[in-house]
Amino acid sequence: MNQPDDERVRALAPGRQTNRLNRLRTFLHGQQANIATMFVVLAGLGLTWLLVLTETTGDPVSVNRAAFALISVLLLACERTPATWIRVGPAGVVTPL
């Protein structure tokens, strides 16, 4: 009779495949934070590139700098004044900014 060698039997054993998959799952589980961070970084870089591309190829837009400055100052004042904060029960406080 023709007997297969031990290496071939071990390679075909179902436990060996399960061990490989378990090691891969364990590795990926430990790398979830790294994978998520890389996704956020790449998405941020892509969106930043898209914003720069859009801003540099479009027509220049005039900005009312006085109105922008006034609204900025008012938002900062509201941020510092507790009377303008929204209280959401046990969830906490929401401020204008």
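Sequential numbering from 1 along the given sequence is applied to the chain's residues.
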Over 12 non-hydrogen atoms of neighbours within 6.0 angstrom of CZ in R80
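No - once you tally the heavy atoms of other residues, nucleotides and ligands closer than 6.0 Å, there are 12 at most.
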Is the backbone of C78 close enough, under 3.5 Å, to the side chain of T81 for a donor and an acceptor to pair up by distance?
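A pair under 3.5 Å: no.
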Any donor-acceptor pair under 3.5 Å linking the side chain of W49 with the backbone of G44?
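Pair absent, no side-chain N/O of W49 close to backbone of G44.
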How long is the straight-line distance from [atom2] of [Y] back to [atom1] of [X], given to the nearest 0.5 Å?
X	Y	atom1	atom2	answer
L51	E55	CG	CD	5.5 Å
L47	L42	CG	CG	11.0 Å
N34	M38	CG	CE	9.0 Å
L45	L50	CG	CG	12.5 Å
L70	R65	CG	CZ	15.0 Å

Go through the steps to decide whether V94 and V88 satisfy the test side chain to side chain contact (heavy atoms under 4.5 Å, CB included), and finish with yes or no.
CA-CA 7 Å; V94 178; V88 191; 3.9 Å; yes
Residue pair L53 / T56: nearest heavy atoms and the distance that separates them
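That would be O-OG1, 3.2 Å.
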Which residues share a side chain to side chain donor-acceptor pair (under 3.5 Å) with N64, sequence neighbours left out
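With neighbours one apart ignored, the set is empty.
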